[in-house]
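Reading through the structure tokens given below for one structure.
Chain A is the first sequence line, chain B the second, and so forth, proteins listed ahead of strands; every chain is numbered from 1.
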There are 2 protein chains.
Amino acid sequence: MVVYAGQGDPRRSIELLWRASVAEKRPGPKPGLSVDAIVDAAIEVADEQGMAFSMRAVGERLGRTAMALYTYVPGKNELVDLMYDRAMAELPASYPLDDGWRPAVTRWAHDMWEFYSRHPWMLQVSQARPVLGPHEFAVTEALAAILVTTGLPGRELRGIVGAVNYFVRGAAQTVSEARAAGGATGEGDEEWWYARSAVLLEIEPDLEKKFPMLHVLESDREPVDPELPYLENDAVKNFRSGLKVLLDGVEAAVAKS
Amino acid sequence: MVVYAGQGDPRRSIELLWRASVAEKRPGPKPGLSVDAIVDAAIEVADEQGMAFSMRAVGERLGRTAMALYTYVPGKNELVDLMYDRAMAELPASYPLDDGWRPAVTRWAHDMWEFYSRHPWMLQVSQARPVLGPHEFAVTEALAAILVTTGLPGRELRGIVGAVNYFVRGAAQTVSEARAAGGATGEGDEEWWYARSAVLLEIEPDLEKKFPMLHVLESDREPVDPELPYLENDAVKNFRSGLKVLLDGVEAAVAKS
DNA sequence: TGCGACTCCTTACAACGTAAAGTAACCTTG
DNA sequence: CAAGGTTACTTTACGTTGTAAGGAGTCGCA
């Protein structure tokens, strides 16, 4: 399920994201938890169980009930926003530009790729509206700082930033969700593919004739790295070659300007 | 929530997708429903209510209970697979190549874009593993048929097909989920942005100094088309300029080969 | 005519997010 | 120092979800 960001009270959400709460002396028992503790616990749970984690599970990990979380966080949606932004703090704030923008963007993309495989649930948070948290800003700032050195105008840069983002996210989805789905059903990628395609070929024997261009696409395949699972092999190679094409496009834009 | 494809019995799923059931004479009451009727109804419901539609809602639309659907379809996951593939039947199977591959790919991308805005729930079906249905194949076949005419080898084409796909999907997500979220909360994009960014600037006044490159990115903005909502304006322009860069990259690859 | 396969319904259950209300701890004020 | 208000956290409960289980009625075939 895709979780939509930011549906609650805007002020409360933004204040939580930027930790703008004033820690004044208050009556009542000492808080045994904190927003940070809850968000960290939730990220751990989500890393293990995926986006379909439950408030009860997060509470349990902290030795509390699910309802205890509602003292600190308005609801699950807001918690997801906080998790999303918090996780992004893992990423570098800037990249060296000694060799120009292209290696830097490549590094950025690879970091994002690995980041998404560490936190697959991130890919299920809706990208429709930005969470508007400090670390999400920082990640995009890092990419923008690289691309600004191309000298391209903002108009073009916005499209490029978007394209790079979409590409990385999409490519990461293909791999990390494949892994997650395999984990969920207990079967690896190979088994999944094998079972599926065997039945498919049995039911539709002249598949290759019906979709000849897909067959052409499958040609020219390099030997498979036995270290990696099947789908991952493909995905990694397609990621590299896709990114190359995309950056060639950027280079063309730079050359023209 | 992201719905993972293909977790059930592979044979049953594939047979349903390719409608490979043999319609033999069978005892028992005449079926009042059909897989097609259920899938169509489910698509209608999902178009209106989003991916979080319920089996009960689909049943109700057909004048049945939720459990009646389970006679035709193994579960909700499989139904989503069927919806996914069925919806893709709306898309063209081929594109004219009179003006070369570039206008054709552009058409393909725009068709996908519009398709996704018609069926926003499509973007929430996990892309990790292909559904392996006939229409999903046909859509990719159409794109492959265009790109094959570039003469590039399969190795490079796979990366390009992936990149174009990811890009279109990502760009469409930004818009159509924004619309969906607006519909869900009842507030439009403008209100959302306004409330959010007002609070943000109040809490963090020197945002521009903290993220100077993002500020550069926002510069050079063209006048807004008053016909379209705020976010959509941006998204459409970024879509066009991002696609342009991507296709420039393809052109560079073609020129080099 | 009856058997068995079939469609569809009712009922039921476990899991979910979270509303409501209660209990106990603690600071502030009289 | 006691009273009162505020807070942290729990228990209980509700509505919604996907779907398992079992039963009622319908039809083809022996």
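- Separating the CZ atom in R64(A) from the OH atom in Y72(A) is a distance of 7.0 Å, to the nearest 0.5 Å.
- Checked against the 6.0 Å centroid threshold, F211(B) and F137(A) count as a close aromatic pair.
- Atom OH in Y72(A) sits about 18 Å away from atom P in dT18(C), given to the nearest Å.
- Residue S54(B) is classed as a sugar-phosphate contact, given heavy-atom separations below 4.0 Å to backbone atoms only.
- Separating the NZ atom of K76(A) from the P atom of dA19(C) is a distance of 15 Å, rounded to the nearest angstrom.
- Within residues 33-42 of chain A, the residues having any heavy atom closer than 4.0 Å to DNA chain D are, in order of number, L33(A).
- Ring orientation note: the planes of H110(B) and F239(B) are nearly perpendicular, at an angle over 60° on the 30°/60° scale.
- As rounded to whole Å, 10 Å separates atom P of dG17(C) from atom CE of M51(A).
- The nearest heavy atom of DNA chain D to L69(A) and to M55(B) marks one nucleotide each, and the one closer to the 5' end goes with L69(A).
- Figure legend: K76(A) and Y70(A) shown without cation-pi pairing, the cationic atom not lying both under 6.0 angstrom from the six-membered ring centre and within 45 degrees of its axis.
- If you check every strand for non-hydrogen atoms under 4.0 Å, T65(B) touches a base.
- Salt-bridge check for E78(A) with R12(A): failed, with every basic side-chain N at 4.0 Å or more from each acidic carboxylate O.
- Residue contacts shown for A68(B) are limited to sugar-phosphate atoms, with no base heavy atom under 4.0 Å away.
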- Can you check salt bridge (Lys or Arg N to Asp or Glu O under 4.0 Å) on K210(A) and E204(A), steps first, answer last? CA-CA 9 Å; K210(A) 278 198 173 173; E204(A) 209 73 23; 2.6 Å; yes
Expected list for residues 85-93 of chain B: side-chain donor-acceptor pairs under 3.5 angstrom, two or more places apart:
residue	atom	partner	partner atom	Å
D85(B)	OD1	H135(B)	N	3.2
D85(B)	OD1	E136(B)	N	2.9
D85(B)	OD2	H135(B)	N	3.2
D85(B)	OD2	H135(B)	ND1	3.2
R86(B)	NE	D40(B)	OD1	2.8
R86(B)	NH1	D36(B)	OD1	2.8
R86(B)	NH2	D40(B)	OD1	3.2
R86(B)	NH2	D40(B)	OD2	3.1
E90(B)	OE1	R118(B)	NH1	2.5
E90(B)	OE1	H119(B)	NE2	3.2
E90(B)	OE2	H119(B)	NE2	2.7

- Task: Scan nucleotides 20-30 of chain D nucleotide by nucleotide, 5' to 3', and note B when protein non-hydrogen atoms come under 4.0 Å of the base, S if they reach only the sugar-phosphate, - if neither.
- Result: BB---BBBS--
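- Each of dC16(C), dT7(C), dA12(C) was ranked by its minimum atom distance to the side chain of R56(B); first place goes to dA12(C).
- Side-chain atoms of Y84(B) and I43(B), non-hydrogen and from C-beta on, never get closer than 4.5 Å to each other.
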